[in-house]
Amino acid sequence: MKQKKYIILAAVATLFLMAALGVVRFRPASDRWESPTVSNPFASSPSPLLKDSDFKCDHCNVVIVGMTNVRRDHMGMYGYSRDTTPNIDAFAKRSVVFENAFTPTSWTLPVVASILTSLYPFQHGTMGLSGSLSHLDGRLTTLADVLKRNGYRTATFTGGRDLLPSFGVTSRFDENFYPDADLANSAPSAPNSLPVQLGSVISTKDLMSHYGPFGFSVPKAIEWMQGHKDKPFFTYVQGFDAHCPFASPQKIDRFTQGLRSDLDFRNCYINYGEADPVEVNGKKYFTVLAPPSDPTKPGDDLPSQLISEEDVHYMSALYDGKISEVDAQVGRLLDFMEKDGLLDNTIVILLAEHGDMFGKHGRFMRGGPLRGTYYDDVLHVPLVFYFPKNSQKGIHRPQIAELTDLAPTVLDALSLEIPPQFAGSSLRTIATSDAPGRGEAFAGSVFFPGISPFFTNITLISALRTPDWKLIYENVFKPISGLEDKPLSTFLDPRKEDVEVLTQLFDMKNDPEELTDVSAKHADIVESLRREMEERIRQF
């Protein structure tokens, strides 16, 4: 583990050298077409505080619900105008809502590893779907390990794929329930061999057969909870419902009324790089990657197509429909727990591991494991904590929180010892007082293209977010063959490999949607945040 840690730290140190020496590319922000009204979330109105006595819940059950790909700003409790999440919104009124929670990276596997280990991706090293960085080190302590040692039963109910036990993250639980278990278990040491890693990733049929929905995990979780109430339990319940493609088996048209598009939304439409819109006959369009003619034989040259403003509006409306499906299933789980009395002794955490992109800076999706996307659309996530003893309503805390804080918060609430390995901090202080908490949120990871028709470059991306500013470093390396078998130092040495560096700075008070890069105007702020980022990484 030490060798892997040193390699990662060397890679990160190299990142900052390349940012100083490399070719820095500035690109103007493009218009964002579909967006709810956005205000500065740090300027929240006063709300009640959680009582310290209501925070504690010794021997309580713990249920984490991971609503993958659900954007914070598409939920009613965060001010969204569409009624996408009525069940979750009602539950949030009985809970503590963290207004400014941030995820450590942009796709599910490393985020859940961070949630359970309270470590950042550069620390736990689980950052790929194949190769040496695709499996969580068995010597790292997870929240499941601590709770099992204290007499808890543990189980996961997930959509599979990124959370297959073969990656070593969910395998720490006593039991794992996920779709297509026979297929996954046929090659547990080679998750990259699943067909979804190839071009079929954009096919509804293939994608959804490996990315399971809450319609699978919630009924399994309910059935399991009914039979395991004799001792405390810890479960992680997750679904990929809000992941593209956004066409739904159930026709949900209440959000698409008055909108139209000729696109086939059984496919995903993707663009991983910065891109300005093009103008055709006075209308703006984005260029996205289109489905290959034969998804089993992805070539180097993928077809592309233009999508219009109307297409993006329609896509966003379909996405809201998918979020409403998530809300219905989460509501089903919460309703069961209410009627069964489990909410009287269960801490419930609702979160999204990441959000998604709908055209800002020309990007669609978030890059997944192939190339990260670190705008707040992706990193600024919903986070709700329900404490059984809490009788206050409307608790909204504006201080910065990170998903790495989740495990320490749970153990603090249960009055259990927090392992010294954990990098996060309990959120009790900012839930029960107006203490300022941490001053910034950090995100960072390496991204590997693997076997992909979409993107062939290794990237290393990091971001530092304060209430006032956001700095993003995005480093794109030229393709290297056999990358899964090479140490990071092989392709992160600037003397050997070319790298393109995108540096962006956003004024979050005046530009909360991150539309205008102001790095050229504020070199002093860029340098100050860069030094903070370096110092933070040195602490790893």
Side chain to side chain contact (heavy atoms under 4.5 Å, CB included) between H243 and R161: does it pass, once the steps are laid out? CA-CA 12 Å; H243 193 288; R161 186 47 179 159; over 6 Å; no
Give a yes or no on this: more than 12 heavy atoms of other residues, nucleotides or ligands lie within 6.0 Å of atom [atom1] of [X].
{"X": "K51", "atom1": "NZ", "answer": "no"}
{"X": "K229", "atom1": "NZ", "answer": "yes"}
{"X": "E527", "atom1": "CD", "answer": "yes"}
{"X": "K339", "atom1": "NZ", "answer": "no"}

What I want to find out is whether [X] reaches [Y] closely enough, with some N-O distance under 4.0 Å, to be called a salt bridge.
{"X": "R172", "Y": "D145", "value": "yes"}
{"X": "E514", "Y": "R465", "value": "no"}
{"X": "K389", "Y": "D344", "value": "no"}

Is it true that [Y] and [X] share a donor-acceptor pair across their side chains at a distance under 3.5 Å?
{"X": "T85", "Y": "D327", "answer": "no"}
{"X": "S425", "Y": "D405", "answer": "no"}
{"X": "N69", "Y": "R366", "answer": "yes"}
{"X": "S217", "Y": "Y178", "answer": "no"}
{"X": "Q421", "Y": "T117", "answer": "no"}
{"X": "D137", "Y": "H124", "answer": "no"}

Step-by-step side chain to side chain donor-acceptor pair (under 3.5 Å) determination, Y374 to Q504: CA-CA 11 Å; Y374 276 14; Q504 291 182 311; over 6 Å; no
Is a side-chain donor or acceptor of [X] paired with a backbone partner of [Y] at a separation under 3.5 angstrom?
{"X": "T105", "Y": "V111", "result": "no"}
{"X": "S324", "Y": "G321", "result": "yes"}
{"X": "H74", "Y": "D320", "result": "no"}
{"X": "R397", "Y": "S433", "result": "yes"}
{"X": "T466", "Y": "D468", "result": "yes"}

So which pairs with a foot in residues 59-139 pass disulfide bond (SG atoms under 2.5 Å apart), sequence neighbours left out? C57-C60
Can you tell me how far apart CG (D376) and CZ (R72) are? Round to the nearest 0.5 Å. 8.5 Å
Show the nearest heavy-atom pair for residues [X] and [Y], with the distance to one decimal.
{"X": "M365", "Y": "C244", "result": "SD-SG, 3.4 Å"}
{"X": "R438", "Y": "E440", "result": "CD-O, 3.1 Å"}
{"X": "S95", "Y": "V384", "result": "CB-CG1, 3.4 Å"}

Let me see the working for F234 and F173 under ring-ring contact (aromatic ring centres under 6.0 Å, His included), right down to the final yes or no. CA-CA 9 Å; F234 168 40; F173 290 73; 5.1 Å; yes
Where do N61 and N345 land on the side chain to side chain contact (heavy atoms under 4.5 Å, CB included) test, with the steps shown first? CA-CA 6 Å; N61 306 310; N345 66 331; 3.7 Å; yes
For D412 and K56: C-alpha separation, side-chain torsions, deciding distance, then whether salt bridge (Lys or Arg N to Asp or Glu O under 4.0 Å) applies. CA-CA 8 Å; D412 188 8; K56 288 293 185 180; 3.1 Å; yes
Run the numbers on R153 and E175 for salt bridge (Lys or Arg N to Asp or Glu O under 4.0 Å), then give the verdict. CA-CA 9 Å; R153 281 198 181 95; E175 298 179 81; over 6 Å; no
Would F447 and M127 satisfy side chain to side chain contact (heavy atoms under 4.5 Å, CB included), going step by step from the backbone distance to the final call? CA-CA 7 Å; F447 296 84; M127 296 183 282; over 6 Å; no
Candidate pair F233 and H228, rule ring-ring contact (aromatic ring centres under 6.0 Å, His included), full reasoning: CA-CA 7 Å; F233 61 76; H228 293 82; 8.0 Å; no
Can you name the one residue among L50, V348, D54 that meets side chain to side chain contact (heavy atoms under 4.5 Å, CB included) with F387? L50
Among E325, R332, M67, which one satisfies side chain to side chain contact (heavy atoms under 4.5 Å, CB included) with F214? M67
Dump the intermediate steps for side chain to side chain contact (heavy atoms under 4.5 Å, CB included) on T158 and N176, then the final yes or no. CA-CA 8 Å; T158 74; N176 300 109; over 6 Å; no
